[in-house]
J.: 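Sharing a structure here in structure tokens format.
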Amino acid sequence: MKLIGEKSISTVLNKILLAGSIAQLLYVSYIIFGFVIIYINIHQGTHFFSETFKTGIFNNELTKTASDSLDFQFKIPLSDYIIKGSYTLHTFISISFFIGFYSLFTFYLFRIFKGMSSEIIFNTKVIQDLKLFAVLNIIFIPIYCTILYFMDQSIYSIDPIFILLHLTLGVIILFIIEFFKKGYELQSENDLTI
């Protein structure tokens with residue numbers, strides 16, 4: 001099986017990446033919805049979806065729904081899986097940011113591989129998607145550092161390997177863009193001579 005073009009590995013990868021991006025988007029939307037429901041239940045004394053979205057102390061299976069509770073449990077529909085964590089603004093921001101970012105990350109990978117699944121690989125759409133993907137990786141670094149600094153009030157919680165990984169990926173993609181631009185120019189010249 002060939003790597004790029006129609007009916008290739010890139011075609012299979014783009015379908016897998018689209019499914020992954022949609023799954024991540026649904027997951028982060030469910031988490032945000034759960035946090036909103038818990039906030040409403042705590043501050044207005046309601047019991048919306050109280051069996052699905054719980055707050056309380058879960059170590060001894062003793063459940064309470066009080067505003068001073070620091071734990072949450074979200075049941076994932078159609079499964080026995082439960083998401084647990086501290087019910088804090090920091091948890092909400094970090095979950096929303098990281099899963100949201102990686103949903104975008106996966107979506108742009110999908111778009112790049114979709115562009116590489118066509119017969120004409122060197123096209124402006126792939127170049128544009130590569131640019132957006134590179135910018136996404138580079139802009140991730142200051143946002144990631146800012147969020148972690150304000151959450152922990154310390155620069156020691158910022159992982160330099162994580163920063164280096166996204167910076168390197170962004171720079172490599174910028175070099176790949178130049179190769180695609182040259183390929184597009186050669187392909188355009190070749191089309192004009194034919």
J.: If I take atom CD1 from residue Ile83 and atom CZ from residue Phe72, how far apart are they, to the nearest 0.5 angstrom?
T.: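 Those atoms lie 7.0 Å apart.
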J.: Are more than 12 heavy atoms, taken from residues, nucleotides or ligands other than Ile139, located less than 6.0 Å from that residue's CD1 atom?
T.: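 Incorrect, the count does not exceed 12.
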J.: Measure up the Phe110 and Phe107 rings against each other and bin them: parallel (under 30°), tilted (30 to 60°), perpendicular (over 60°).
T.: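 Because their plane-to-plane angle lies in the 30° to 60° range, the rings of Phe110 and Phe107 count as tilted.
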J.: Are Ile99 and Val36 connected in a single hydrophobic cluster, I mean Ile/Leu/Val/Met/Phe/Trp/Tyr linked by side-chain heavy atoms less than 4.5 Å apart?
T.: yes
J.: Could you grab the distance from atom CG of Leu167 to atom CD1 of Ile163, nearest 0.5 Å is fine?
T.: 9.0 Å
J.: Does Phe179 belong to the same Ile/Leu/Val/Met/Phe/Trp/Tyr cluster as Ile177, with side-chain heavy atoms less than 4.5 Å apart forming each link?
T.: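 No; tracing contacts between hydrophobic side chains, which count when under 4.5 Å, never links both residues.
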J.: Where do Gly170 and Ala134 come nearest, in terms of heavy atoms and distance?
T.: O-CB, 3.7 Å
J.: Through direct or indirect side-chain contacts below 4.5 angstrom among Ile, Leu, Val, Met, Phe, Trp and Tyr, which residues connect to Val135?
T.: none
J.: Are Leu165 and Ile176 in one and the same hydrophobic cluster, where Ile, Leu, Val, Met, Phe, Trp and Tyr link if side-chain heavy atoms are under 4.5 Å apart?
T.: no
J.: Are the side chains of Phe180 and Lys131 in touch, meaning some heavy atoms are under 4.5 Å apart?
T.: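 No, too far: nothing below the 4.5 Å cut-off.
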J.: Let me check something: any side-chain donor-acceptor pairs from residues 22-33 under 3.5 Å, sequence neighbours excluded? List them with distances.
T.:
from	atom 1	to	atom 2	distance (Å)
Gln24	OE1	Ser103	N	3.4
Gln24	OE1	Thr106	OG1	3.0
Ser29	OG	Leu25	O	2.8
Tyr30	OH	Lys75	O	2.2

J.: Decide if the gap between the ring center of Phe35 and the ring center of Tyr87 is smaller than 6.0 angstrom.
T.: yes
J.: How long is the gap from CG on Leu109 to CG on Leu130, to the nearest 0.5 Å?
T.: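 These two atoms lie 9.5 Å from each other.
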J.: Atom CG in Leu13, atom NZ in Lys114: separation rounded to 0.5 Å?
T.: 15.0 Å
J.: Shared ILVMFWY cluster between Ile82 and Ile37, side chains joined below 4.5 angstrom?
T.: no
J.: Run the ring pair (Phe, Tyr, Trp, His ring centres under 6.0 Å) test against Tyr108 and tell me which residues pass, sequence neighbours left out.
T.: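 Checked Tyr108 against ring pair (Phe, Tyr, Trp, His ring centres under 6.0 Å); zero matches.
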J.: Around atom CZ of Phe98, are there more than 12 heavy atoms from other residues, nucleotides or ligands closer than 6.0 Å?
T.: yes
J.: Ignoring hydrogens and geometry, is there a side-chain-to-backbone donor-acceptor pair from Ser21 to Leu18 under 3.5 Å?
T.: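 Side chain of Ser21 to backbone of Leu18: no pair is present.
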J.: Give the intermediate values and the outcome of side-chain contact (heavy atoms from CB on, under 4.5 Å) for residues Leu132 and Gln128.
T.: CA-CA 6 Å; Leu132 289 171; Gln128 184 64 28; 4.1 Å; yes
J.: More than 12 foreign heavy atoms under 6.0 Å from NZ of Lys125: is that the case here?
T.: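 Yes, because the 6.0 Å sphere around NZ of Lys125 holds more than 12 heavy atoms from other groups.
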J.: Without swapping roles, check the side chain of Ser117 against the backbone of Phe113 for a donor-acceptor pair under 3.5 Å.
T.: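 Yes; at least one donor-acceptor contact below 3.5 Å.
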J.: Apply side-chain contact (heavy atoms from CB on, under 4.5 Å) to Asn41 and Thr55, showing your working.
T.: CA-CA 10 Å; Asn41 286 347; Thr55 57; over 6 Å; no
J.: Once you measure the plane-to-plane angle for Phe140 and His166, does it fall in the parallel (<30°), tilted (30-60°) or perpendicular (>60°) bin?
T.: tilted
J.: Are Val126 and Leu186 joined in one hydrophobic group, where the rule is that I, L, V, M, F, W and Y side chains link up if heavy atoms are under 4.5 Å apart?
T.: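 In one cluster with Val126: Leu186, no.
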J.: CD1/Ile38 to NZ/Lys54 distance, rounded to the nearest 0.5 angstrom?
T.: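 Ile38 atom CD1 to Lys54 atom NZ measures 11.0 Å (nearest 0.5 Å).
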J.: Under 30°, 30 to 60°, or over 60°: which ring-plane class applies to Phe105 and Tyr102, parallel, tilted or perpendicular?
T.: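 Rings of Phe105 and Tyr102: perpendicular, over 60°.
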J.: Taking the inter-plane angle between the rings of Tyr144 and Phe162 on a 0 to 90° scale, is it parallel (under 30°), tilted (30 to 60°) or perpendicular (over 60°)?
T.: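 Rings of Tyr144 and Phe162: tilted, as their planes differ by 30° to 60°.
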J.: CD1/Ile138 to CD1/Ile143 distance, rounded to the nearest 0.5 angstrom?
T.: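 Between Ile138 CD1 and Ile143 CD1, I get 12.5 Å after rounding to 0.5 Å.
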